[in-house]
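Just below is one structure, and these are the notes that go with it.
As a basis for the values below, the full set of heavy atoms in this structure was taken, side chains included, without hydrogen atoms, waters or symmetry mates.
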Amino acid sequence: MRFFPTVEWFDEATGTAWHAEYQSYDQRKDDVHYTVTAVRGELRTQGVVSVGIDWAGDDWRTAEFRPHLERLVREAAELLDQFGRSPGDGRTARNAFPAP
């Protein structure tokens with residue numbers, strides 16, 4: 001979906017390459033779900049993050065939407081990595097970051 005970009009970044013401090021790909025949108029909860037992959041040397045981990053977008057209201061075309069969503073995805077992914085969620089464990093990290 002064009003409103004939900006693939007998010008990629010590299011953390012030089014940890015040597016981690018990140019890739020977050022849009023999976024689905026839950027209209028009832030107003031959440032976007034991303035599959036996140038982190039690659040650090042030989043280690044590759046994956047997980048799912050749910051990012052609330054209720055802060056955006058009904059208009060996802062604003063200039064603030066994409067950069068704020070990308071920041072939330074990055075922060076939720078790094079939180080997921082910090083707590084060591086493994087692939088297929090069925091858990092998600094729900095962001096708790098304030099709207100812009």
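Taking NZ of K29 as the start and CG of D54 as the end, the distance is 13.0 Å to the nearest 0.5 Å. Between the CG atom in D11 and the CZ atom in R74 there is a gap of 11.0 Å [rounded to 0.5 Å]. We find the CZ-CD distance between R71 and E64 to be 12.5 Å, quoted to the nearest 0.5 Å. The CG atom of L72 sits 12.0 Å away from atom CG of L79, with the distance rounded to the nearest 0.5 Å. Going from atom CZ of R40 over to atom OG1 of T14 covers 5.0 Å, rounded to the nearest 0.5 Å.
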Derivation of the side chain to side chain contact (heavy atoms under 4.5 Å, CB included) call for W60 and L69: CA-CA 10 Å; W60 299 340; L69 175 63; over 6 Å; no
Check against side chain to side chain contact (heavy atoms under 4.5 Å, CB included), W18 and E78: CA-CA 9 Å; W18 296 87; E78 290 168 0; 3.8 Å; yes
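Ring orientation note: the planes of F4 and Y22 are close to parallel, at an angle under 30° on the 30°/60° scale.
Side-chain contact of E21 with T6: a donor-acceptor pair under 3.5 Å is absent, judged by distance alone.
Residues V73 and A20 come closest through the heavy atom pair CG1-CB, 3.5 Å. The two residues A56 and F65 make their nearest non-hydrogen contact at CB-CD1, 3.6 Å. Taking all atoms of both residues into account, the shortest heavy-atom contact from G52 to D31 is CA-OD1, 3.4 Å.
Residues V39 and W9 are members of separate hydrophobic clusters, defined by side-chain heavy-atom contacts under 4.5 angstrom among Ile, Leu, Val, Met, Phe, Trp and Tyr.
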